[in-house]
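See below for the structure under consideration.
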Amino acid sequence: MDRPSDTTQGSAWLENFLPEEKPLAKLLLDSLRICFDSTLRAKLASLLKDVADGLATPIAVVPVRELDSSTPAPSDEENVEPKEIIFPPLDQPFQPLAGSEGLVGNVIRESLGAYPDKTRLSYPDSIDDMRNVRTRSILLVEDYCGTGDRVQGYVDHWMRNKTIRSWHSYGFIRFHVASYAMSSRALKKLKRNPKIESVRFSTMAADFSSAKWTPEEATGIRDVCRKYSKMSNMALGYKESEALFVMQHTVPNNTPCILWQNRAKGVKNWVPLFADRRMSPNMQETWSDYVLEQSSAQRELDLRQLASRGELAAAASGDAALAVIEMLQAAEQGIRAEVRLARHLDMTESRAAELKALCIQMGLLDMAGRLTDAGRSGLKEARPEPLEPARSSRLKGSDLPYYPDSLRGVRDV
């Protein structure tokens, strides 16, 4: 697709700003990473398959849900009869859930199939279901983890149930998280949570820290966000997440609110971009998956920066360029999911996701993780030509007979 700033909606939104502010607003807009639901569904389904193959079975696969403060406290269980106890995370099937929960629920349902093998994968309706199949792994599934708060709170709510708490204490069950997109902030938080055994994801979510901005540009963009924000606490997104990741079915609230607010401070007729944190029907018809392409000069700069980063260099025997080449070779073999890439390249998933995201930004891979023309060209150039023996070491042919001067190992007789 065209850059967001080149679309009708993007151009209208840019008119909210003063002439000297428009370049910064345009840079913010064009730095968004946009993911459409078809891509999300396919990648999440692939991720679930890869993750499930590595977990102890049976596995309970559950979409992460928003639970409000009215859900029962742990002590409430002691005040009601067992048959009256409702365990909120499992109190209704996932099919009717709306928004992200519904989309994730549909992906889970399609992955399980019409008649799932409960000895391997299932969506339990109750704790009794989990008891009957002897669940060993609880796989919590999200489309996007921006701060990690929702997943962490959801795990805490599971652990408020004394049965779940007991099973976890004895090591009978373990919690695992799978999300299509994951911010570096959420990844750190969830990996530090002792209740969560593993965290898997398909792609690293874009944010200010991953944007290819100069320090001056980043400062200017933050100033613009704060200047026009209607809600001061959301100027840089929820908990100042500074997210740049947008999905077709929802615009996360940890993106700067000037992208989705309906009114702005100091502007009489503010034109929203993503009104009510939704893509308009026209956007959904005319927009598509998008990531900002980079110039060849920027790609070279990224390679130099990659070479100076110890964590990625260590993942490729001290040679950062080799890490990129190995990623391209893996893509050539059809290995695209971060779980499989990490296993294939012998690095952590976060490193694999970061390296893959960089290759996408450099134009070497497309959004699906396939080689682009630039990637194929770069891989071809990286492959060494067959070495010829040095000229001085080549044997020289001759038609003359050969007479040895001495016989090895033969003494005087």
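Index from 1, following the sequence. Because the structure is a prediction, the values reported are computed rather than measured.
Residue G148 comes nearest to A186 through the heavy atom pair N-CB, 3.5 Å, listed as atom of the first residue, atom of the second, then distance. The shortest non-hydrogen separation linking W270 to N16 is CZ3-CB, 3.4 Å. Closest approach of L28 and I258 over heavy atoms only: CD2-CD1, 3.9 Å. Nearest heavy-atom pair, P4 versus I34, reported as atom, atom and distance to 0.1 Å: CG-CD1, 4.2 Å. Residues S137 and A56 share a closest heavy-atom pair of OG-O, 2.7 Å. Between I221 and L24, the closest heavy-atom pair is CG1-O, 3.7 Å.
The stretch residues 240-266 participates, sequence neighbours left out, in these salt bridge (Lys or Arg N to Asp or Glu O under 4.0 Å) pairs: R222-E242.
In this view, H176 satisfies the ring-ring contact (aromatic ring centres under 6.0 Å, His included) rule with no residue, not counting sequence neighbours. With sequence neighbours left out, W213 forms a ring-ring contact (aromatic ring centres under 6.0 Å, His included) with F208. By the side-chain contact (heavy atoms from CB on, under 4.5 Å) test, S46 pairs with D50, A337, sequence neighbours left out. Residues satisfying the ring-ring contact (aromatic ring centres under 6.0 Å, His included) criterion with Y238, sequence neighbours excluded, are absent altogether. In terms of the ring-ring contact (aromatic ring centres under 6.0 Å, His included) criterion, residue partners of F245 (sequence neighbours excluded) are, by chain and number, Y144.
Side chains of W287 and Q9 form a contact here, defined as non-hydrogen atoms less than 4.5 Å apart. In this structure the side chain of I108 reaches within 4.5 angstrom of the side chain of P63, judged on heavy atoms. Using a 4.5 Å cut-off on side-chain heavy atoms (C-beta onward), V251 and L259 make no contact. Considering only heavy atoms from C-beta on, R226 comes within 4.5 Å of L236 through its side chain. Contact of the K356 side chain with the L365 side chain is registered, since non-hydrogen atoms from C-beta on lie closer than 4.5 Å. Counting heavy atoms from C-beta outward, D207 and S184 have side chains that approach closer than 4.5 Å. Side-chain contact check for L14 versus K26: some heavy-atom pair is nearer than 4.5 Å.
When atom types are taken as modelled, the side chain of S169 and the backbone of R165 share no donor-acceptor pair closer than 3.5 angstrom. Judged purely by atom type and a 3.5 angstrom limit, R136 has no side-chain atom pairing as donor or acceptor with the backbone of I59. No donor-acceptor pair closer than 3.5 Å links the side chain of T135 to the backbone N or O of P58. Put simply, the side chain of S183 gets close to the backbone of G146: a donor and an acceptor are under 3.5 Å apart. Listed for the T286 side chain is a donor-acceptor partner under 3.5 Å among the backbone atoms of N282. Using modelled atom types, no side-chain atom of E142 and backbone atom of V151 make a donor-acceptor pair closer than 3.5 Å.
Counting heavy atoms of neighbouring residues, nucleotides and ligands inside a 6.0 Å radius, atom NZ of K195 exceeds 12 of them.
Atom CE of M283 sits about 9.5 Å away from atom OG1 of T8, to the nearest 0.5 Å. In this structure, the separation between CG on D30 and CG on L244 is 11.5 Å, given to the nearest 0.5 Å. For the atom pair CD1 (I335) and CD (Q329), the distance works out to 10.5 Å, reported to the nearest 0.5 Å. How far OH of Y290 is from SG of C35: 14.5 Å, rounded to the nearest 0.5 Å. Note: M327 CE to C359 SG = 5.5 Å, rounded to the nearest 0.5 Å. Atom CE of M159 and atom NE2 of H168 lie 5.0 Å apart (nearest 0.5 Å).
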Inset, instruction - Could you go through the side chain to side chain contact (heavy atoms under 4.5 Å, CB included) check for W260 and D276 one step at a time? - result: CA-CA 6 Å; W260 43 265; D276 301 317; over 6 Å; no
Legend entry - Worked verdict on V155 versus I196 for side chain to side chain contact (heavy atoms under 4.5 Å, CB included): CA-CA 8 Å; V155 171; I196 299 174; 4.1 Å; yes
Inset, instruction - Under the side chain to side chain contact (heavy atoms under 4.5 Å, CB included) rule, what do T250 and R278 come out as? Steps first, then yes or no, please. - result: CA-CA 5 Å; T250 187; R278 291 284 186 273; 3.4 Å; yes
Inset, instruction - Would you check, one step at a time, whether the test salt bridge (charged side-chain N to carboxylate O under 4.0 Å, His left out) holds for R131 with D128? - result: CA-CA 5 Å; R131 182 182 289 110; D128 284 339; 2.6 Å; yes
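Side-chain contact of Y228 with Q261: a donor-acceptor pair under 3.5 Å is absent, judged by distance alone.
For the pair R160 and D156, the salt-bridge criterion is not met [side-chain N within less than 4.0 Å of a carboxylate O]. One finds a salt bridge joining D53 and K49 here, because a Lys/Arg side-chain nitrogen approaches an Asp/Glu carboxylate oxygen to under 4.0 Å. One finds no salt bridge joining D289 and R33 here, because no Lys/Arg side-chain nitrogen approaches an Asp/Glu carboxylate oxygen to under 4.0 Å. A salt bridge does not link D366 to R336: none of the charged side-chain nitrogens sits closer than 4.0 Å to a carboxylate oxygen. The pair D373-R376 counts as a salt bridge, with a side-chain nitrogen and a carboxylate oxygen less than 4.0 angstrom apart.
Between K239 and the choices N233, T147, D149, the side chain to side chain donor-acceptor pair (under 3.5 Å) rule is met once, by D149.
Using a 30° and 60° split on the angle between ring planes, W158 and Y154 fall in the perpendicular class, above 60°.
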